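Below is one structure, written out as structure tokens, with a few remarks after it.
As the structure lists them, so they are numbered: ligands from 1, and atoms in each ligand from 1. Remember, it's a predicted structure, so these values are computed and weren't measured experimentally. Just so you know, these numbers use all the heavy atoms, side chains as well, and skip hydrogens, waters and symmetry mates.
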Amino acid sequence: MPNRPAYSVVVPIFNEEETIPELHRRMAAMLDGLDGPSELILVNDGSRDNSLGLLRDLARRDSRVKVISFSRNFGHQMAITAGMDHAAGEAVVVIDADLQDPPEVIPELIQAWKGGAELVYARRSERKGETFFKKFTASFFYRLIASMTDLKIPVDTGDFRLMDRKVVEALKQVGEHHRFMRGLSVWVGFKQVGVSYVRQERFAGVTKYPLKKMIRFATDGITSFSYVPLQMATTAGFIFAGLALVAIPIVAVLRAFGSDFFTGQATTLISVLLLGGVQLIFLGIIGEYLGRIYDEVKKRPLYLISEKIGFDSAVENK
Ligand code: UDP
Ligand code: MG
């Protein structure tokens, strides 16, 4: 393939008009210093602000810039997926647009890749300018998922990582709709190493992950790698059945001796409410899995592209 870039940098973009000029300035300076040709793939995930206009402008000015624009918002994970599907580089870096992950760390990731690693994840040694709530929920989530799965997702890593072409090709075979990329990139295996960095404050704008999206993201992560929530129903079943098994003879004996300790509506009502509640919770958990199965079997396309800029047909693969 002619002019195949050595490095591809993939950036998902959702309403980031305030950061795009600075993102490009710092990214371009970093790319200039690399030892090989590079491409910068900016994926517009249905932004409602002027992000696409700014991206078009960049593509005109900088020949390394390529733009993929979705027909609507498909989500962060799909934007990353589309970028990786279209990346031609030998090494592909995924990085957020908000400059929380400094582009200047990329040469360090490349160094580790050259040292033989096939997947280099960037580990946050410190997180600046994030709320206590965000840090707490994030660390709780990483520990929860570690306890529920066999997957060794390195604690405190996000989607900022470098992947060798082999890893990218492996991930391209994963067709899941509810994709949890940071889990999948561990699941594929290969030689993985971590590089630590200090996570910065968002350059401008606000987080595009409100609590609702965060919860959905976390449930996707758990349901796509673990059956533990489903198995909890079995455990709870055994506990309650065991309790009943012990309670039945005790109550029978007490009754036979004339005690009326376990009578009355309140006892009945409480146990019915408790068990009804527990059953509904597990029904909901089954529903989470069922809904995801339904989404998968529908086999809809993962994302729809309305516009591509800067890709020449030889490199295009979608
Ligand atoms: N993002 C996206 N689609 C979305 C939400 C976010 O492409 O639906 C992008 C966003 O523009 C940013 C990255 O994903 O480049 C991470 O989002 P954000 O920084 O808001 O998340 P946080 O760092 O707060 O977890
Ligand atoms: Mg961010």
Side-chain angles (χ1 to χ4, degrees), residues 9-24 26-27 40-55 58 65-87 92-103 105-106 121-124 126-142 145 153 155-161 177-183 185 197-218 220-221 302-307:
V9 178
V10 170
V11 192
I13 290 175
F14 178 55
N15 296 344
E16 303 281 8
E17 61 181 1
E18 293 152 288
T19 64
I20 288 170
E22 178 67 7
L23 169 74
H24 180 256
R26 281 176 57 184
M27 200 59 89
L40 180 59
I41 302 183
L42 304 168
V43 185
N44 172 38
D45 183 15
S47 297
R48 287 181 278 270
D49 62 1
N50 188 35
S51 294
L52 181 58
L54 293 174
L55 298 185
L58 288 181
V65 172
K66 296 172 182 178
V67 179
I68 299 169
S69 188
F70 283 175
S71 62
R72 63 169 170 85
N73 179 254
F74 279 90
H76 182 198
Q77 304 293 297
M78 289 307 172
I80 294 175
T81 304
M84 284 168 55
D85 286 347
H86 288 77
V92 179
V93 177
V94 172
I95 185 169
D96 283 355
D98 57 4
L99 296 170
Q100 279 193 288
D101 310 329
V105 176
I106 294 178
Y121 50 83
R123 197 187 312 110
R124 305 154 183 166
E126 196 185 316
R127 306 179 84 162
K128 287 192 182 161
E130 283 186 302
T131 60
F132 172 76
F133 179 73
K134 178 108 190 180
K135 283 188 215 172
F136 176 77
T137 48
S139 93
F140 174 73
F141 170 65
Y142 282 116
I145 202 159
I153 300 180
V155 171
D156 299 327
T157 60
D159 285 309
F160 183 21
R161 55 191 61 218
H177 281 74
H178 291 274
R179 47 183 52 224
F180 182 61
M181 293 306 281
R182 58 194 75 167
S185 61
Y197 75 108
V198 177
R199 193 155 214 237
Q200 304 296 322
E201 279 177 50
R202 213 173 207 289
F203 175 72
V206 292
T207 174
K208 307 301 179 306
Y209 266 97
L211 187 62
K212 209 173 138 199
K213 261 195 200 173
M214 250 162 70
I215 292 174
R216 188 168 324 143
F217 183 61
D220 274 345
L302 295 179
Y303 51 82
L304 296 170
I305 294 173
S306 71
E307 191 178 342

Fill in: Heavy-atom donor-acceptor pair, Q77 side chain to M181 backbone, under 3.5 Å
yes
Practice prompt. Evaluate side chain to side chain contact (heavy atoms under 4.5 Å, CB included) for R179 paired with I80, printing each intermediate quantity in order.
Written response: CA-CA 10 Å; R179 47 183 52 224; I80 294 175; over 6 Å; no
Fill in: Proximity of I13 to ligand 1 by residue part, where a heavy atom lies under 4.0 Å
backbone
Worksheet item: What residue and atom, counting heavy atoms only, is the protein's closest point to atom 21 (O) of ligand 1, and at what distance?
Response: Y209 CD1, 3.3 Å
Discussion item. Quick check on contacts: which atoms of ligand 1 are under 4.0 angstrom from a heavy atom of E16?
Written reply: 10 (C), 11 (O), 12 (C), 15 (O)
Discussion item. For a quick test of reading the model, state the closest non-hydrogen atom pair linking V92 to A87 and the distance between them.
Written reply: CG2-CB, 3.8 Å
Discussion item. Check this for me - ligand 1, A97, N or O atoms closer than 3.5 angstrom, yes or no?
Written reply: yes
Response to the item:
Counting heavy atoms under 4.0 Å, the part of Q77 that contacts ligand 1 is neither
Worksheet item: Are R72 and F70 in a cation-pi setup, meaning NZ or CZ lies under 6.0 angstrom from the ring centre and within 45 degrees of the ring axis?
Response: no
Worksheet item: What protein heavy atom is closest to atom 19 (O) of ligand 1, reported as residue, atom name and distance in Å?
Response: D98 OD2, 2.5 Å
Discussion item. For atom 18 (P) of ligand 1, what's the nearest protein heavy-atom neighbour? Residue, atom name and distance, please.
Written reply: R202 NH2, 3.6 Å
Discussion item. Starting from atom 23 (O) of ligand 1, what is the nearest protein heavy atom, named by residue and atom, and what distance separates them?
Written reply: Q100 OE1, 2.7 Å
Worksheet item: Can you tell me if D98 and Q200 form a side-chain donor-acceptor pair at under 3.5 Å?
Response: no
Worksheet item: For atom 1 (N) of ligand 1, what's the nearest protein heavy atom and its distance?
Response: F14 CB, 3.7 Å
Discussion item. Classify the ring geometry of Y303 against H86: parallel below 30°, tilted from 30° to 60°, perpendicular beyond 60°.
Written reply: tilted
Discussion item. So, regarding P12 and ligand 1 (criterion: nitrogen or oxygen to nitrogen or oxygen, under 3.5 Å), is there a contact or not?
Written reply: yes
Response to the item:
So for V11 against ligand 1, with non-hydrogen atoms under 4.0 Å, the contacting part is neither
Worksheet entry | Top protein contact for atom 3 (N) of ligand 1, by heavy-atom distance | D45 OD2, 2.6 Å
Worksheet item: With a cut-off of 2.8 Å, how many protein N, O or S atoms neighbour the Mg ion (ligand 2)?
Response: 2
Worksheet item: Could a heavy atom of K213 be found less than 4.0 Å from some atom of ligand 1?
Response: yes
Discussion item. Give me the residue, atom name and distance of the protein heavy atom closest to atom 20 (O) of ligand 1.
Written reply: K208 N, 2.5 Å
Fill in: Region of H76 engaging ligand 1 - heavy atom pairs below 4.0 Å
both
